[in-house]
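Heads up: the structure comes next, in structure tokens.
Chain letters run A, B, ... following the sequence lines, proteins first, then strands; residues in each count from 1.
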Protein chains: 2
Amino acid sequence: MDKIRQSTLHGEVAERVRDLIAQGVLAPGSRVPEKQLCEQFGVSRTPLREALKVLAHEGFVELLPNRGARVAKLTRTTLKNTFEVMQSLEALAGELAGARISDPELANIEALHYQMLAHYKSGNMQEYLLTNQQIHEAIVVASQNDVLIDVYKNLNHRVRRVRFTAELSSDYWSQAVSEHEAMIEALRKRDGKELGSILSCHLRNKVEVSALEEMAE
Amino acid sequence: MDKIRQSTLHGEVAERVRDLIAQGVLAPGSRVPEKQLCEQFGVSRTPLREALKVLAHEGFVELLPNRGARVAKLTRTTLKNTFEVMQSLEALAGELAGARISDPELANIEALHYQMLAHYKSGNMQEYLLTNQQIHEAIVVASQNDVLIDVYKNLNHRVRRVRFTAELSSDYWSQAVSEHEAMIEALRKRDGKELGSILSCHLRNKVEVSALEEMAE
DNA sequence: CTCCTTTTTTTTGAATGCATAATTAGATTT
DNA sequence: AAATCTAATTATGCATTCAAAAAAAAGGAG
């Protein structure tokens with residue numbers, strides 16, 4: 001069952017702006033052109049500004065007094081800090097998922113896992129990273145902790161713009177894959193403790209950080 | 001050095017509304033009276049509504065289409081989930097703080113610890129809980145991870161309205177105190193691993209949850 | 001008196017308006 | 001021509017206005 005899509009105008013606008021930032025259309029450090037975006041979206045400044053307030057709170061933009069919103073730069077430090085927190089949240093998610101995951105959810109993750117392996121074999125980095133990401137998200141969802149899911153998704157959003165652009169070294173890549181094997185094994189045994197500790201050591205984040213660090217700031 | 005206090009009107013308003021919710025002036029489930037609050041704060045509806053969008057994103061209020069904002073109810077489940085995440089974040093904070101805490105920060109936490117012990121001895125629950133809270137916050141700050149600090153503070157905000165109203169049983173209370181002793185010990189040794197594991201087992205949250213559960217929803 | 005319908009009032013969501021601050025463009029001086 | 005000062009333009013922050021929706025009040029039937 002899907003969540004009720006509460007369509008609020010400012011919410012729609014926020015999502016569009018988030019996309020523009022993620023896609024790099026709005027460059028880090030650049031100002032957010034209110035008027036132009038209003039025309040582009042066909043809305044007045046009110047809902048756009050409401051959206052900007054939310055985005056500022058989320059860390060996507062910075063509000064400078066009397067000079068509007070600027071796209072926030074993703075510094076190396078912030079990126080590292082974000083991954084640090086996400087890793088910890090994933091560890092918690094793994095622990096909880098071990099106890100709470102449903103059979104269909106497990107089956108879905110297994111399916112994703114084999115997909116991911118296929119992408120690994122064929123060397124398709126883009127697809128690999130996407131599927132990898134979906135697995136991690138699925139584990140978080142399986143935690144059944146709405147607050148956790150919420151916070152995780154928000155952090156994930158923030159780093160979206162540097163995601164999927166990384167080049168993994170083959171060493172790290174193969175290690176990440178073997179860790180994923182262990183994760184699936186732990187999940188099948190519904191061993192949350194084990195899954196949690198694998199995830200908290202899982203160096204996916206570290207890999208990405210090292211690969212992405214140069215992109216930030 | 002304190003952060004630059006960027007005073008935005010909507011930010012101020014958001015804080016005021018948060019306070020009203022925390023203090024119970026705005027009851028859970030009740031509607032947020034825009035007009036009245038505007039008069040009370042002496043601002044127009046624009047900044048108030050901007051604040052409400054942010055508060056909705058933070059989980060303080062819910063926005064219902066064409067019927068404005070309602071104060072979000074803090075259900076037992078949400079409360080439990082929130083503490084679950086906070087506990088995990090504190091564990092991470094402890095780990096990081098062990099490696100990164102500065103001498104003045106440590107001294108400050110030690111001072112707070114003795115204060116807390118004094119409140120324990122004199123049976124002053126209110127002051128005890130407040131100081132206890134300050135210690136946990138100080139550890140989070142000592143992690144030097146801005147993202148972590150940010151997320152933690154936000155979650156802390158959300159549960160503020162049920163904080164400091166709990167009645168702890170003396171058993172739990174004494175155990176919590178002894179755990180705090182161990183925490184301080186670990187901090188002195190700058191043993192992040194140890195501190196992290198103490199915090200992740202620390203049942204302060206559980207205690208509060210059990211005491212607070214009846215208050216929620 | 002209770003329940004339902006219709007009208008009035010209030011509230012909400014979003015656009016517009018306006019004063020102030022910031023930016024740009026142009027003029028003046030060196 | 002470079003630099004500084006001034007005027008025009010534009011952008012921003014907040015208040016106000018307006019149409020549509022919801023809530024409340026008044027009226028009428030059973």
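- For A/Ala186, the side-chain contact (heavy atoms from CB on, under 4.5 Å) partners at least two apart in sequence or on another chain are A/Glu194, A/Leu195, A/Ile198.
- In this structure A/Arg190 satisfies the salt bridge (Lys or Arg N to Asp or Glu O under 4.0 Å) test together with A/Asp103, sequence neighbours excluded.
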Please list, one pair per line, the donor and acceptor atoms closer than 3.5 Å that link side chains of residues 53-66 of chain A to other protein atoms, with sequence neighbours excluded.
from: A/His57; atom 1: NE2; to: B/Glu58; atom 2: OE2; distance (Å): 2.5
from: A/Glu58; atom 1: OE1; to: A/Arg18; atom 2: NE; distance (Å): 3.0
from: A/Glu58; atom 1: OE1; to: A/Arg18; atom 2: NH2; distance (Å): 3.4
from: A/Glu58; atom 1: OE2; to: A/Arg18; atom 2: NH2; distance (Å): 3.1
from: A/Glu58; atom 1: OE2; to: B/His57; atom 2: NE2; distance (Å): 2.5

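- Contacts between chain A and DNA chain D, taken as any atom within less than 4.0 angstrom of a protein heavy atom, begin and end at D/dA11 to D/dG13.
- Taking B/Glu137 as the reference, B/Gln133, B/Tyr152, B/Asn156 meet the side-chain contact (heavy atoms from CB on, under 4.5 Å) condition, with sequence neighbours excluded.
- The salt bridge (Lys or Arg N to Asp or Glu O under 4.0 Å) analysis of residues 38-47 of chain B, with sequence neighbours excluded, yields the pairs B/Glu34-B/Arg45.
- Sequence neighbours left out, the pairs with a member in residues 19-29 of chain B that pass salt bridge (Lys or Arg N to Asp or Glu O under 4.0 Å) are B/Asp19-B/Arg160.
- Checked against side chain to side chain donor-acceptor pair (under 3.5 Å), A/Thr78 has the following partners two or more places apart in sequence or in another chain: A/Thr75.
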Would you give a per-nucleotide map of nucleotides 11-18 of chain C, 5' to 3', where B means the base has a protein non-hydrogen atom under 4.0 Å away, S means only the sugar-phosphate does, and - means neither? SBBBBBB-
